[in-house]
Amino acid sequence: MHRQSVPFDCFSILFTLKSCTQLHNHPTIQHLRSHIVKLGFDSYGYVANSLLHAYVVTSFVDACQLFDEMPEKSTVTWNTVISGYSRKGNVERARLVFEEMPLRDVSSWNAMIVAYVNNRKHELGLSLFRDMVMSEEGVRPGQVTAVVVLSGCAHLGSVGLLVGKSVHGFVVKNRWEMNAELGTVLIDMYAKCGFMKGAEQVFELMQEKNVMAWTALICGSAQHGYSKEALSLFEMMQNAGVRPNELTLTGVLSACVNSGLVEEGRKYFTLIEKSGLEVRIQHCGCMVDLYGKAGMLGEAYDFIKNMRLEPDITVWGAFLSACKEHKQFEMAERVVEKVMKMVKPENDGGVYSLIAHLYVLGGKWDDAERVRSFMVNHKVRKVRGYSFV
């Protein structure tokens with residue numbers, strides 16, 4: 001088009017920007033910006049905002065520079081920059097931009113709440129949601145707000161459950177449709193907060209139950225020890241003609257681990273590839289855990305050796321935990337040195353403690369002391385409540 005001297009218009013610029021953004025093609029975006037300025041399209045708000053979004057995705061430094069240069073900033077402009085800081089993990093700066101806004105709409109509040117939730121500052125996200133509800137700006141939460149807030153509640157235990165129930169009540173009061181997205185996030189919230197009855201009630205009320213809704217209930221049931229119910233749900237899901245995904249099978253395998261169902265676990269692991277799905281490291285970790293808890297350490301070791309994927313620290317940690325549980329230091333000794341080369345002091349404190357205990361179990365006191373001294377010297381600490389089992 002450019003080579004044939006066909007004039008650009010706003011639509012051709014917008015669609016080209018969208019394509020370059022999806023392809024993360026920063027050089028072409030820079031080239032397009034020159035044309036936008038040359039042709040005067042930078043005075044069109046929607047073109048400037050599209051360019052800003054393209055820079056947020058490909059070069060945030062350029063995005064900040066463009067934002068500062070823009071003479072007129074709409075609410076969309078401000079929201080785009082908030083999302084940009086969120087992507088960079090700088091929620092403090094995102095909040096400053098949010099506070100500087102001359103006018104905020106529901107998307108502004110959503111963008112800031114998303115920034116907190118996506119960066120694991122769930123308490124701040126819920127606090128901002130309360131501010132939104134009590135705000136005198138006349139902004140009412142929408143379904144997007146509810147979905148984001150509920151996903152944050154899922155990580156806050158009893159406090160999250162209390163807020164989540166309130167949001168659920170708000171949904172019912174406003175007679176919002178219990179669609180697949182809203183229903184799934186409610187199920188996930190109730191399940192992760194330990195209120196399985198609430199998760200089941202929401203599931204029953206849903207008219208459309210997609211794979212994510214089934215998966216959320218299956219994983220929640222498995223997480224809380226309701227293995228029989230989880231496997232029953234999976235059978236119902238298959239009978240309903242809903243195709244599972246990789247996460248569904250992770251939940252199913254977890255249910256098998258919790259109940260020690262080795263043969264069923266083998267069957268479901270085989271089902272992953274039969275269903276055209278990709279075997280993930282989480283599936284392999286479940287199988288190692290399943291064999292390990294059943295005392296089948298030889299099978300667990302052979303499984304790890306024959307894995308197509310490279311075993312990660314979680315897989316080896318599950319194997320070593322089983323060795324400790326069944327007092328089989330000889331099996332652990334085969335892999336301890338290999339695991340020691342993989343662990344990182346800042347992330348894997350639990351593994352160091354586990355290895356030290358295994359050395360004690362094997363009567364290798366000098367090696368146990370060596371690991372413990374390393375932990376002290378490198379200030380390695382086991383994460384509270386962390387376990388591979």
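All values below come from the heavy atoms of this structure, side chains included, with hydrogens, waters and symmetry mates left out. Source: prediction; values computed, not measured.
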Under the side-chain contact (heavy atoms from CB on, under 4.5 Å) test, residues paired with Glu72 that sit two or more places apart: none
Side-chain donor/acceptor of Ser227 to backbone N/O of Ala255, under 3.5 Å: yes
Listed once per pair and sorted, the side chain to side chain donor-acceptor pair (under 3.5 Å) pairs that draw on residues 167-176, sequence neighbours left out: Arg140-Asn174, His168-Tyr190
salt_bridge(Glu310, Lys305) N-O dist < 4.0 Å: no
SB check Arg370 Glu337 (cutoff 4.0 Å): yes
Lys324 atom NZ, over 12 foreign heavy atoms within 6.0 Å: no
Distance (rounded to the nearest 0.5 Å) between Asp62 CG and Glu69 CD: 9.5 Å
Spatial distance of atom OG (Ser135) from atom CG (Asp131) [nearest 0.5 Å]: 8.0 Å
For Ala213, all residues meeting side-chain contact (heavy atoms from CB on, under 4.5 Å), sequence neighbours excluded: Thr184, Ile187, Phe203, Met206, Asn210
Step-by-step side-chain contact (heavy atoms from CB on, under 4.5 Å) determination, Lys165 to Leu161: CA-CA 6 Å; Lys165 283 184 175 180; Leu161 179 60; 4.1 Å; yes
Residues clustered with Trp365, ILVMFWY side-chain links under 4.5 angstrom: Val360
Side chain Ser259, main chain Cys256, donor-acceptor under 3.5 Å: no
Glu369: partners by side chain to side chain donor-acceptor pair (under 3.5 Å), with sequence neighbours left out: Ser373
Phe319-Tyr291 aromatic ring centre distance below 6.0 Å: no
For Pro141 against Val133, the heavy-atom pair lying closest together: CG-CG2, 4.1 Å
Contact check, side chains of Met237 and Val211, non-hydrogen atoms, under 4.5 Å: yes
Spatial distance of atom CD (Gln328) from atom CG (Leu361) [nearest 0.5 Å]: 8.5 Å
More than 12 heavy atoms of other groups within 6.0 Å of Asp68 CG: yes
Val106 versus Gly142, closest heavy-atom pair with distance: CG2-N, 4.3 Å
Expected output: side-chain Asp289 to main-chain Gly285 donor-acceptor under 3.5 Å: no
Least distance between heavy atoms, Gly220 atom then Ala191 atom: CA-CB, 3.7 Å
Ser353 backbone acceptor or donor facing His357 side chain under 3.5 Å: yes
Results of side chain to side chain donor-acceptor pair (under 3.5 Å) for Thr77 - residues two or more places apart only: Asn49, Ser74
Neighbour count above 12 (heavy atom, 6.0 Å) for Gln207 CD: no
ring-ring contact (aromatic ring centres under 6.0 Å, His included) against Phe234, all qualifying residues, sequence neighbours excluded: Tyr268
Cys284 vs Val279 side-chain heavy atoms within contact, under 4.5 Å: yes
Qualifying salt bridge (Lys or Arg N to Asp or Glu O under 4.0 Å) pairs, either residue in residues 180-198, two or more places apart: Asp188-Lys192
Residue pair Tyr55, Phe67: steps toward the ring pair (Phe, Tyr, Trp, His ring centres under 6.0 Å) verdict: CA-CA 10 Å; Tyr55 278 143; Phe67 177 75; over 10 Å; no
side-chain contact (heavy atoms from CB on, under 4.5 Å) between Ile272 and Leu253, worked out: CA-CA 11 Å; Ile272 297 172; Leu253 289 173; 4.2 Å; yes
Working for side-chain contact (heavy atoms from CB on, under 4.5 Å), residues Phe60 and Arg87: CA-CA 10 Å; Phe60 193 58; Arg87 289 167 64 98; over 6 Å; no
Closest non-hydrogen atom pair between Met70 and Ala48, with its separation: CE-CB, 3.7 Å
Lys73, NZ: over 12 other non-hydrogen atoms inside 6.0 angstrom: yes
Student check: side-chain heavy atoms of Asn179 and Glu208 closer than 4.5 Å: no
Thr28 (side chain) donor-acceptor with Asn25 (main chain) under 3.5 angstrom: no
Exam field: side chain Ser275 to backbone Leu277, donor-acceptor pair closer than 3.5 Å: no
Crowding at CZ, Arg120 (>12 non-hydrogen neighbours, <6.0 Å): no
Set of residues satisfying ring-ring contact (aromatic ring centres under 6.0 Å, His included) with respect to Phe303, sequence neighbours excluded: Phe269
Centroid-centroid distance, Phe98 to Trp109, less than 6.0 Å: yes
Ring centres under 6.0 angstrom apart (Tyr352, Phe374): yes
Carboxylate-amine/guanidinium contact Glu137 Arg104, below 4.0 Å: yes
Residues that Glu136 engages under side chain to side chain donor-acceptor pair (under 3.5 Å), provided they are two or more places apart: none
Distance in Å, Lys209 NZ paired with Glu204 CD, rounded so as to fall on 0.5 Å steps: 5.5 Å
Check: Asp312 side chain, Val315 main-chain N or O, donor-acceptor pair, under 3.5 Å: yes
Under the ring-ring contact (aromatic ring centres under 6.0 Å, His included) test, residues paired with His122 that sit two or more places apart: His155
Short side-chain donor-acceptor distance under 3.5 Å, Asn79 and Ser108: yes
Contacts of type side-chain contact (heavy atoms from CB on, under 4.5 Å), residue Thr80, not counting sequence neighbours: Leu52, His53, Val56, Val76
Non-hydrogen atoms of Ala222 and Asn258 that approach each other most closely: O-ND2, 2.6 Å
Shortest non-hydrogen contact between Met189 and Cys153, atoms and distance: CG-CB, 3.8 Å
Spacing of Asn118 atom CG and Ser86 atom OG [to the nearest 0.5 Å]: 5.0 Å
Flag for Ser107-Asn110: side-chain donor and acceptor within less than 3.5 Å: no
Under-4.0 Å salt bridge between Glu273 and Arg308: yes
Evaluation steps, side-chain contact (heavy atoms from CB on, under 4.5 Å), between Leu156 and Glu123: CA-CA 8 Å; Leu156 294 175; Glu123 295 90 346; 3.5 Å; yes
Gap separating the CZ atom of Arg280 from the OG1 atom of Thr250, nearest 0.5 angstrom: 8.0 Å
